Structures are given as C-alpha cells and as structure tokens.
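What you see is a predicted model; the values in this text were computed from it and never measured.
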Amino acid sequence: MEKIDNLDKKILSILSKNARIPFKDVAAECNVSRAAIHQRVQNLAEEGVITGSGFDVNPKSLGYTTCTYVGITLEKGNMYKQVVERVFEIPEVVECHFTTGPYTMLVKLYAKDNEQLMNLLNNRIQEIPGVAATETLISLEQSIKREIPIATE
C-alpha cells in the first residue's frame, strides 16, 4: 500500500462525511482538478483504502427492529473459518469478528422481532457444528455511528 499523503487524507475526510458529493466540489475544496480527484479516489480504492461506497439502509425501515450482538464461544478456536462459512449463510448477520476476550467470535445481526431472534439463535447459530455457547446482547439504541477520524495536517 502506498503512503497516503495530505491530499488523500483531505479527500477521504470530505468523502467520509458525504460520499455523494460531486468530484467537482471535492476538487474545488482541495484546490486541484476534478481529474486529479478522480484519479486519487480510483487509486485509493485499488489500494484498499476505500473499501466500499453506497447507501446505509435503516434496518427499521425494512422491519428489522432488533439489533443484537451475539458472543459466540467455539469448541476450538481453529474452527473459526468453518463456523464463519456457516454464519455467512445467515442473511440477518451483518458483521462477524474473530475476537479476544470471553468470546471467540462476535456477531452483529438484525431480527424483525424477539421470535425471529430466538429462531436465529436456537435453530441457526447454536446448531452450527463447533459452536459451544452463545451470549446475546440486545442493542436498545445506537447513539453513535461514524467513520474513523481522518487527521489532515
């Protein structure tokens, strides 16, 4: 990965606040050409610095009212890859992390209600070979959601 310079950081800072901003506006704010912005953004994407773009859909607008974090303990840590393959098949799972601490894995999922949540836990996650135990934490409210700060010098 190439070194990210101050112009790249400024571009990332602008785009992280509004990914839909036209490149001409980014160029004006950075005092460079639109072509330069386009090239920089393309390079940042190719280098894996920018990992996606799109819209965040509010899960509640689709009826998913329950946001849940599930701590999963595996029988053996080396079963992680096989378990992830099975967890990936559950469309309600939106994140999965291999962690330190009391759980081997931490999964974030959305359910339409407690009945669906119980079904996901009992009949999908806990039935995966290698899953020894789960602990469920229901999010009552998401108070902060943002990108990592980008310091420009």
Mind listing the closest non-hydrogen atom pair of [X] and [Y] along with its distance?
X      : Y      : result
Gln116 : Asp113 : N-OD1, 2.8 Å
Pro102 : Thr73  : O-OG1, 3.7 Å
Leu120 : Ala111 : CD1-CB, 4.2 Å
Gln142 : Ser139 : N-OG, 4.2 Å
Val83  : Pro129 : CG2-O, 3.7 Å
Val107 : Cys96  : CG2-SG, 4.0 Å

Is there side-chain contact between [X] and [Y], with heavy atoms separated by less than 4.5 Å?
X     : Y      : answer
Val49 : Asn43  : no
Asn6  : Lys9   : yes
Arg40 : Asp5   : yes
His38 : Arg34  : no
Met79 : Thr104 : no
Val26 : Glu29  : no

Exercise. Between Ser16 (side chain) and Ser13 (backbone), is there a donor-acceptor pair under 3.5 Å?
Worked result: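 The answer is yes, because a donor-acceptor pair under 3.5 Å joins these two groups.
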Exercise. With under 30° as parallel and over 60° as perpendicular, where do the rings of Phe98 and Tyr80 fit, or are they tilted in between?
Worked result: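 It falls in the parallel class, under 30°.
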For this session: May I have the step-by-step check of side chain to side chain contact (heavy atoms under 4.5 Å, CB included) for Leu44 and Leu15, ending in yes or no?
Result: CA-CA 12 Å; Leu44 290 166; Leu15 292 176; over 6 Å; no
Using distance only, find each side-chain donor-acceptor pair of residues 58-68 under 3.5 Å and give its atom names and separation, not counting sequence neighbours.
unit_1 : atom_1 : unit_2 : atom_2 : d
Asn58  : OD1    : Lys60  : N      : 2.9
Ser61  : OG     : Asn58  : O      : 2.6
Thr65  : OG1    : Lys112 : O      : 2.8

Exercise. Which residues satisfy the salt bridge (charged side-chain N to carboxylate O under 4.0 Å, His left out) test with Asp25, sequence neighbours excluded?
Worked result: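 Expected list: none.
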Exercise. Would the number of heavy atoms belonging to other residues, nucleotides or ligands and lying under 6.0 Å from CD of Gln82 be above 12?
Worked result: yes
Exercise. In terms of hydrophobic clustering (I, L, V, M, F, W, Y; side-chain heavy atoms under 4.5 Å; direct or indirect links), are Val41 and Ile21 co-clustered?
Worked result: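 Yes; Ile21 is reachable from Val41 via cluster members.
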Problem set entry | Member of Val84, Ile125, Thr134 meeting the side chain to side chain contact (heavy atoms under 4.5 Å, CB included) criterion with Met105 | Val84
For this session: List, by chain and number, the other hydrophobic cluster members for Leu106, where Ile, Leu, Val, Met, Phe, Trp and Tyr join if side-chain heavy atoms come within less than 4.5 Å, directly or indirectly.
Result: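 Answer for Leu106: Tyr69, Leu137.
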